[in-house]
There are 2 protein chains.
Amino acid sequence: MTNAVPNPEFVKPTISGPGAKLVSALSLAIHEHKLLPGTKLGEDELSEIFNVSRTVVRAALQALSHSELVELKRNRGAFVSQPTVREAREVFEARALLEPRTARSAAERMNEDALARLKAHIKAEHDAIAAGESGKALRLSGHFHIEISHIADQTTIAGFIERLVARSSLIIALYWKRQSALCEKHAHHALVDALGRGDGDEAEELMKSHLLDIVTALDLRDAPAPAVNLSDILTP
Amino acid sequence: MTNAVPNPEFVKPTISGPGAKLVSALSLAIHEHKLLPGTKLGEDELSEIFNVSRTVVRAALQALSHSELVELKRNRGAFVSQPTVREAREVFEARALLEPRTARSAAERMNEDALARLKAHIKAEHDAIAAGESGKALRLSGHFHIEISHIADQTTIAGFIERLVARSSLIIALYWKRQSALCEKHAHHALVDALGRGDGDEAEELMKSHLLDIVTALDLRDAPAPAVNLSDILTP
DNA sequence: GTGCGCAAAATTGTATACAATTTGATTTTG
DNA sequence: CAAAATCAAATTGTATACAATTTTGCGCAC
């Protein structure tokens, strides 16, 4: 069965043709933490798996690098990005700057259709958790924020938020405190409530504290990134 | 003589090797309004001008499309982007959201070196205007905002602002009211003053009104579109 | 046994050839 | 004469071949 959410894609169609499938599949896998930060994405490997030439693989990897999910190192290859602690802090500072205001706008532009989409989204999150599909649940919880930004109807800012959410997924993979449970369930539910009532003040406040909660569940001391490739770190 | 400004590049090194030159040259030409929105960027044409294969031209065009300076249309080719009126409004709304706050941060992190760079920047703008190089002046005036965002030391947000400034350049090419003079001279000078004094409140306020001034000088009602000959402008 | 150096293998970078699609002009047809 | 159909030229999309670079592994000296 396919996703219950209208648009399951994170990466906008910056690329078309056969490469689009590759971009979708890779970004999906990264968002669901099936591909972990540091994983090498070899060109031959991918071209064989997807039955396309290296030309389109390279185009897809370049596209992913521009959305910052993948890092390209010249003559070395493509790797799933490994945001640093500093980048992690910056990403959530940027989200704190953009998203609360965006949630307010969304509340002001709310309508029946949008509310239905959000509720369906939360249900999908629920179902994924119930089914034990933690990767999918994680991806959906990120996508929830994107959905709100789309309701706010600010395409440009929504694009920024998409990038930040994508990066957040990598950050969570690297810095999430294992002991703290990921229970965005209540926060998202409360947000949908506020949005449904058109309560911009509350939506803004809820989003602010929700983002703070997420950061609190991260371990952003100088924790070394669990690198797959040690040589990247040990050789200057 | 080369630029007096430390980093004349707008597009970050998302691409390396021979293609980097191409990206630099094209983004420079676009920022200086030598290549106007809607201009077609043919692959053969560029590969001949820069003496590289179409492979690297395509990579460069893809990079430019991800920074939204260029729009790729499948089976049609690459064109200098033509932001719509709606996009234009969104871009300046996003700038209004990000830049005043960023100017405040910059004021708080100001130091001797940064102040010197900003003053050198303003001087370069001055000189370009005096020399009648309006394209260069325009590019520098955009880069001034990027310089401030770098001083604020928020790489992620700085990246967003870079994209917005790039897009603004296209917007100005399309929607600038000819009658209104572009005199960012005073605004930029006042900003540097406030920043130099570490006056965050004033810097934030000045940036806000400065951005408003720019929008006011735009005619965001309709949109014509010009075009141009490539080989007349580009020389590697 | 450790470290260095060199050569082979693997991988990425670039160029070129060919396929698919669009474009524009010319011809055909009502 | 206008509109539609068509065919050739031009342009982009994709695959493959070759070059450059990095990685790997073996052998040798110390």
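So that the names make sense, note that chain A is the first sequence line, chain B the second, and so on, each numbered from 1. Every heavy atom of this structure was used, including side-chain atoms; hydrogens, water molecules and symmetry mates were not.
When heavy atoms are screened at a 4.0 angstrom cut-off, B/Arg76 is found touching the sugar-phosphate backbone but no base atom. Contacts of B/Arg74 with the nucleic acid, taken as non-hydrogen atoms under 4.0 Å apart, involve only primed sugar atoms and P, OP1 or OP2.
Classified by interplanar angle (parallel below 30°, tilted 30° to 60°, perpendicular above 60°), the ring pair A/Phe160/B/Phe160 is parallel.
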request  = Please report the C-alpha distance between B/Arg139 and B/Leu28 in whole Å, then the side-chain angles of each, then the deciding distance to 0.1 Å, and finally whether the side-chain contact (heavy atoms from CB on, under 4.5 Å) criterion is met.
outcome  = CA-CA 8 Å; B/Arg139 172 173 63 81; B/Leu28 196 75; 3.4 Å; yes
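Across A/Val85 and A/Leu220, no two heavy atoms sit closer than the pair CG1-O, 3.3 Å.
In this structure, A/Asn75 places its CG atom 15 Å from P of D/dT24, rounding to the nearest Å.
Using a 4.0 Å cut-off between charged nitrogen and carboxylate oxygen, B/Arg86 and B/Glu90 count as a salt-bridge pair. Salt bridge absent: B/Lys136 and B/Glu32 never bring a charged side-chain N and a carboxylate O closer than 4.0 Å.
When the nearest nucleotides of DNA chain C are assigned to A/Ala78 and B/Val52 by heavy-atom distance, the more 5′-ward of the two goes with A/Ala78.
Protein chain A contacts DNA chain C from C/dT11 to C/dT14, reading 5' to 3' and using non-hydrogen atoms of the protein with a distance under 4.0 Å.
Relative to the ring axis of A/Phe79, A/Lys73 places its NZ or CZ within 45° and under 6.0 Å from the centre.
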